[in-house]
Amino acid sequence: MDTTQLLKGVLDLAVLAVVEEEDGYGYDVLRRLRASGLSEVGDASVYGTLRRLYAAGALTSYVVPSDEGPHRKYYGMTPAGRDQLERQSKDWTTFSETVTELLHPDRRPGPRSEPRLDPHPARPEGDHS
């Protein structure tokens with residue numbers, strides 16, 4: 001299955017989850033996403049998502065001087081980002097559970113529904129009603 005389209009739909013959620021765990025700079029966020037199993041995520045997609053989430057107020061940023069090269073711009077969560085993460089997490093959970101139930105109807109939680117009644121039951125001989 002090509003996961004590219006799926007990844008596009010959940011990249012904001014994934015980036016917010018990684019940054020909520022610990023502040024990080026662009027490459028660090030990318031590395032942690034890949035290490036967690038999203039190996040196909042692209043550099044430009046992550047950097048663009050970080051910029052977009054920052055512009056929307058979900059992330060804050062600060063610069064940390066580096067002894068080895070240029071200063072690094074770190075991203076951290078804002079209260080609005082935490083709210084977005086909570087909302088999108090709930091949406092993802094509901095969506096993924098629904099798809100899982102569609103794919104595996106035998107794993108549906110709760111009591112099994114009653115078997116359907118045959119709309120045309122066999123009639124006893126002589127019953128022509």
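Values in this document were obtained by computation on a predicted structure and should not be read as measured data.
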Colleague: Would you name the heavy atoms of L85 and A17 that are closest together and state the gap between them?
Modeller: CD1-N, 3.9 Å

Colleague: Determine whether Y54 and Y47 fall in the same hydrophobic cluster, where Ile, Leu, Val, Met, Phe, Trp and Tyr are linked whenever their side-chain heavy atoms lie under 4.5 Å apart.
Modeller: yes

Colleague: So that I can tick it off, tell me whether D28 and R32 are bridged by a salt bridge, with the cut-off set at under 4.0 angstrom between side-chain N and carboxylate O.
Modeller: yes

Colleague: Could you check whether D43 pairs with R31 (Lys NZ or Arg NE/NH1/NH2 to Asp/Glu carboxylate O, under 4.0 Å)?
Modeller: no

Colleague: Please report the closest heavy-atom contact between T98 and T94, naming both atoms and the distance.
Modeller: OG1-O, 2.8 Å

Colleague: Let me check something: do V99 and L6 share a hydrophobic cluster, defined by ILVMFWY side-chain heavy atoms less than 4.5 Å apart, either directly or through other members?
Modeller: no

Colleague: So, for V41 and L7, which heavy atoms are closest and what is the spacing to 0.1 Å?
Modeller: CA-CD2, 3.6 Å

Colleague: For the OG atom of S45 and the CG atom of L11, what is their distance to the nearest 0.5 Å?
Modeller: 6.0 Å

Colleague: Considering only heavy atoms from C-beta outward, does the side chain of Y62 approach that of D23 to under 4.5 Å?
Modeller: yes

Colleague: Check whether W92 and L103 end up in the same hydrophobic cluster, where Ile, Leu, Val, Met, Phe, Trp and Tyr are linked by side-chain heavy atoms less than 4.5 Å apart.
Modeller: yes

Colleague: What's the spacing between E86 CD and D91 CG if we round to 0.5 Å?
Modeller: 11.0 Å

Colleague: Tell me every residue that passes ring pair (Phe, Tyr, Trp, His ring centres under 6.0 Å) with Y25, counting only those two or more places apart in sequence or in another chain.
Modeller: Y74

Colleague: If we only count heavy atoms from C-beta on, is the T93 to E97 side-chain gap below 4.5 Å?
Modeller: yes

Colleague: Is the shortest side-chain heavy-atom distance between M77 and T60 below 4.5 Å?
Modeller: no

Colleague: Provide the closest heavy-atom pair for K73 versus S61 in the form atom of the first, atom of the second, distance.
Modeller: CE-OG, 3.4 Å

Colleague: Do you know the tightest heavy-atom contact between G57 and A80?
Modeller: O-CB, 3.7 Å

Colleague: If you measure from the Lys or Arg side-chain nitrogens to the Asp or Glu carboxylate oxygens, is any gap between D12 and R52 under 4.0 Å?
Modeller: yes

Colleague: Looking at every heavy atom in both S39 and R34, which two are closest together, and how far apart are they?
Modeller: O-NE, 4.0 Å

Colleague: With Q88, which of V10, D83, L16 fulfils side-chain contact (heavy atoms from CB on, under 4.5 Å)?
Modeller: L16

Colleague: Are Q84 and L53 packed together at the side-chain level, in the sense that at least one heavy-atom pair is separated by less than 4.5 angstrom?
Modeller: yes

Colleague: Counting only N and O atoms by type, is there a donor-acceptor contact under 3.5 Å from the side chain of R72 to the main-chain atoms of V63?
Modeller: no

Colleague: Please say whether the positively charged group of K90, taken as NZ for Lys or CZ for Arg, lies over the ring of F95, i.e. under 6.0 angstrom from the six-membered ring centre and within 45 degrees of the axis.
Modeller: no

Colleague: Hey, does T78 have a side-chain heavy atom less than 4.5 Å from the side chain of R82?
Modeller: no

